[in-house]
Amino acid sequence: QVQLVESGGGLVQTGGSLRLSCAASGRSISSYALGWFRQAIGKEREFVAGITRFGSNTYYADSVKGRFTISRDNAKNTVYLQLNSLKPEDTAIYYCAADLFASAIHIRTTSSAYDNWGQGTQVTVSS
């Protein structure tokens with residue numbers, strides 16, 4: 001089982017940027033597809049972005065497409081989420097998650113497909 005720890009969240013103004021990191025331990029992340037989810041107060045957890053095991057495919061929620069970029073460095077056992085052009089509606093706790101059973105080319109977008117989760121990092125965008 002892989003352990004995940006997110007970092008990089010914070011308070012930023014509208015239009016600003018952040019880079020989230022998710023460091024893994026216990027197992028190589030090359031065995032996993034990886035995803036970022038977020039949960040705002042009073043809302044359900046939602047898929048943000050995903051990346052296949054070796055980074056060949058990525059997929060984004062429509063709400064973040066063109067603004068966020070997911071990437072991974074299997075050698076460093078870390079996945080990243082670059083957040084640009086942030087909006088107040090991006091305010092949420094952001095979680096990274098690992099999907100052991102995804103195929104090599106597909107990214108699953110439902111939270112129940114992911115086996116391991118980090119504790120989350122808060123992103124707050126002020127207007």
Side-chain angles (χ1 to χ4, degrees):
Q1 193 163 355
V2 66
Q3 290 79 47
L4 303 170
V5 178
E6 302 94 335
S7 61
L11 173 64
V12 64
Q13 291 184 332
T14 297
S17 297
L18 286 172
R19 189 193 196 203
L20 307 184
S21 299
C22 176
S25 61
R27 189 171 178 176
S28 171
I29 61 169
S30 62
S31 301
Y32 298 85
L34 296 166
W36 285 93
F37 290 75
R38 68 185 181 186
Q39 188 166 18
I41 295 174
K43 295 187 177 181
E44 294 187 353
R45 189 169 299 189
E46 64 175 356
F47 173 83
V48 175
I51 188 167
T52 48
R53 287 182 216 165
F54 297 102
S56 57
N57 289 342
T58 58
Y59 185 74
Y60 299 91
D62 288 343
S63 59
V64 306
K65 201 172 295 182
R67 300 188 298 122
F68 291 7
T69 303
I70 188 171
S71 61
R72 65 189 294 161
D73 186 336
N74 287 351
K76 294 183 178 180
N77 235 24
T78 302
V79 61
Y80 306 96
L81 186 67
Q82 179 67 41
L83 291 66
N84 295 331
S85 302
L86 282 161
K87 305 174 181 180
E89 52 263 44
D90 295 318
T91 295
I93 298 174
Y94 283 70
Y95 300 89
C96 67
D99 180 359
L100 181 60
F101 298 104
S103 73
I105 61 172
H106 290 117
I107 297 162
R108 299 195 282 184
T109 61
T110 56
S111 58
S112 59
Y114 289 76
D115 315 285
N116 299 278
W117 292 82
Q119 84 291 346
T121 186
Q122 176 71 47
V123 171
T124 303
V125 185
S126 63
S127 57

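Once rounded to the nearest 0.5 Å, the distance linking OH of Y80 with SG of C96 reads 12.0 Å. Annotation: the span from F68 atom CZ to L86 atom CG amounts to 5.0 Å, rounded to 0.5 Å. Rounded to the nearest 0.5 Å, atoms CG (L20) and OG (S7) are 8.0 Å apart. To the nearest 0.5 Å, atom CZ of residue R72 and atom OG1 of residue T78 are 10.5 Å apart. Atoms CG and CD1, on N57 and I70 in that order, are 12.0 Å from each other to the nearest 0.5 Å. Atom CD1 of residue I51 and atom CD1 of residue I29 lie 8.5 Å apart, to the nearest 0.5 angstrom.
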Pair N116-Q3, side chain to side chain contact (heavy atoms under 4.5 Å, CB included): steps then yes or no: CA-CA 7 Å; N116 299 278; Q3 290 79 47; over 6 Å; no
D115/D99 under side chain to side chain contact (heavy atoms under 4.5 Å, CB included): CA gap, chis, key distance, verdict: CA-CA 6 Å; D115 315 285; D99 180 359; 4.1 Å; yes
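Nearest approach of P88 to S127, heavy atoms of both residues: CG-CB, 3.9 Å. When all heavy atoms of V64 and R38 are compared, the closest pair comes out as CG1-NH1, 3.9 Å. When all heavy atoms of A102 and A33 are compared, the pair lying nearest together is CB-CB, 3.7 Å. What you find for A49 and L81 is that their closest heavy atoms are CB-CD1, 4.1 Å. Minimum interatomic distance between T121 and G9 (heavy atoms only, all atoms of both residues): OG1-N, 3.1 Å.
Taking 4.0 Å as the cut-off between side-chain N and carboxylate O, K65 and D62 count as a salt-bridged pair.
Side-chain atoms of R53 and S30, non-hydrogen and from C-beta on, never get closer than 4.5 Å to each other. Considering only heavy atoms from C-beta on, S31 comes within 4.5 Å of L100 through its side chain. Under the 4.5 Å side-chain criterion, counting only non-hydrogen atoms from C-beta, R67 is not in contact with Y60. Two residues are said to be in side-chain contact when any heavy atoms from C-beta on lie closer than 4.5 Å; D90 and L83 fail this criterion. V123 places a side-chain heavy atom less than 4.5 Å from the side chain of V125.
By the 30° and 60° cut-offs, the orientation of the rings of Y95 relative to W117 is perpendicular.
Under a hydrophobic clustering in which Ile, Leu, Val, Met, Phe, Trp and Tyr are joined whenever their side-chain heavy atoms come within less than 4.5 Å, directly or via other members, F47 and L4 fall into different clusters. One hydrophobic cluster, built from ILVMFWY side chains closer than 4.5 Å, cannot hold both I93 and V48; they sit in different ones. Cluster membership for W36 and V12, using ILVMFWY side-chain heavy atoms within less than 4.5 angstrom, is shared. Residues V2 and Y94 are members of one and the same hydrophobic cluster, defined by side-chain heavy-atom contacts under 4.5 angstrom among Ile, Leu, Val, Met, Phe, Trp and Tyr.
When atom types are taken as modelled, the side chain of N77 and the backbone of R27 share a donor-acceptor pair closer than 3.5 angstrom. Formation of a donor-acceptor pair under 3.5 Å by the T14 side chain with backbone atoms of S126 is found in this model. When atom types are taken as modelled, the side chain of E6 and the backbone of G120 share a donor-acceptor pair closer than 3.5 angstrom. Side chain of Y114 to main chain of R108: a donor-acceptor pair is present (N/O by atom type, distance under 3.5 Å, no hydrogens or angles).
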